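As the structure is a computational prediction, the values presented were derived from the model and not from experiment.
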Amino acid sequence: MLIGAPGSGKSAVGALLAERWGVPHHDVDALIEAEVGTTIAEVFATHGEEWFRRVEVETTAATLGRTGVVSLGGGAPLAPATQQALAGEVVVWLQVSVPVAAGRVGLNVARPLLLGNVRGRLMKLLEQRTPVYRSLATHTVDTDGLDPAQVADQVAAAVVVR
Ligand SMILES: Nc1ncnc2c1ncn2[C@@H]1O[C@H](COP(=O)(O)OP(=O)(O)OP(=O)(O)O)[C@@H](O)[C@H]1O
Ligand SMILES: O=C(O)C1=C[C@@H](O)[C@@H](O)[C@H](O)C1
Ligand SMILES: [Mg+2]
């Protein structure tokens, strides 16, 4: 399971790892979009964040126990139910600094929580979430200065696929 901030590379690295290991890739954001039939940004706009978080907890829970690589949503580890569900799993935290994450996500409107002031919003998110990511992670990879393939190499070196 990959956790980390928006722009840490959960989706990109998850896809590379799944390909490398020949296992399915479950990207929870993409699963929610498929389930709901619209984009995450649209879900936030139409139903609000609370509604999204409820769906996210359920969709995340449904991926647990499946074979493969799971890329969680950036905020998913904040939910107590998800924290409990992650206990005993291999959880890799893709660490990223604010300027690097901001550079990667750019002004992408697909990330509703970062709208307005990407750097400022990321700084706030990381302040709140760093302790949570740290407490849940069984492995950590610092992704600053690495491309997605190099991050995947480091994850693969650190964990054993089940
Ligand atoms: N290590 C990296 N080096 C350079 N670019 C990267 C790296 N990891 C990801 N990227 C690029 O940064 C952008 C964001 O990455 P990605 O979508 O994988 O992040 P994410 O963690 O899934 O974010 P979110 O929580 O918003 O889903 C993508 O364009 C991706 O190709
Ligand atoms: O960091 C977050 O809270 C989010 C990250 C994305 O993965 C999406 O799950 C959504 O945009 C919320
Ligand atoms: Mg993603």
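Val57 and Leu86 are members of different hydrophobic clusters when ILVMFWY side chains are connected at heavy-atom separations under 4.5 Å. Put simply, Trp51 and Val28 are part of the same group of oily side chains (I, L, V, M, F, W, Y) that touch within less than 4.5 Å, one to the next. Under a hydrophobic-cluster definition in which Ile, Leu, Val, Met, Phe, Trp and Tyr are linked whenever side-chain heavy atoms come within less than 4.5 Å, directly or via other members, Trp93 and Leu125 are assigned to the same cluster. Linking Ile, Leu, Val, Met, Phe, Trp and Tyr residues whenever their side-chain heavy atoms come within less than 4.5 Å leaves Leu31 and Leu64 in two separate clusters.
The shortest heavy-atom contact between Leu16 and Ala152 is CB-CB, 4.1 Å. Scanning both residues, Pro6 and Ala101, for their nearest heavy atoms gives O-CB, 3.7 Å. Between Arg104 and Thr143, the shortest heavy-atom contact is NH2-O, 3.1 Å. Between Glu56 and Ile32, the closest heavy-atom pair is CA-CD1, 3.7 Å. Taking each heavy atom of Val96 and Val100 in turn, the nearest pair found is CG2-CG1, 3.8 Å. When all heavy atoms are compared, the tightest approach of Glu127 to Pro131 is O-CD, 3.6 Å.
Note on residues 31-49: pairs passing salt bridge (charged side-chain N to carboxylate O under 4.0 Å, His left out), not counting sequence neighbours, are Glu49-Arg53.
Arg119 has its side chain within reach of Pro99: a pair of non-hydrogen atoms, C-beta onward, lies under 4.5 Å apart. Side-chain contact between Thr46 and Phe52: absent, with no pair of heavy atoms (C-beta onward) separated by less than 4.5 Å. With contacts defined as side-chain heavy-atom distances shorter than 4.5 Å, the pair Arg20/Asp153 qualifies.
Taking OH of Tyr133 as the reference point, atom CG of Leu126 lies at 6.5 Å (rounded to 0.5 Å). The CD atom of Gln95 lies 8.0 Å from the CG atom of Asp144; values are rounded to the nearest 0.5 Å. Between the OG1 atom of Thr59 and the CZ atom of Arg54 there is a distance of 12.5 Å, given to the nearest 0.5 Å. In this structure, OG1 on Thr140 lies 7.5 Å from CD1 on Ile3, to the nearest 0.5 angstrom.
By the neighbour-count criterion of 12 heavy atoms within 6.0 Å, atom CD of Glu19 is sparsely surrounded, having that number or fewer from other residues, nucleotides or ligands.
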Can I get a per-line list of side-chain donor-acceptor pairs under 3.5 Å for residues 70-82, giving both atom names and the distance, sequence neighbours left out?
residue	atom	partner	partner atom	Å
Ser71	OG	Lys10	O	2.7
Ser71	OG	His25	NE2	2.7

Item to check | Audit row: Leu94, Val155, side chain to side chain contact (heavy atoms under 4.5 Å, CB included) steps and yes/no | outcome: CA-CA 9 Å; Leu94 301 183; Val155 176; 4.1 Å; yes

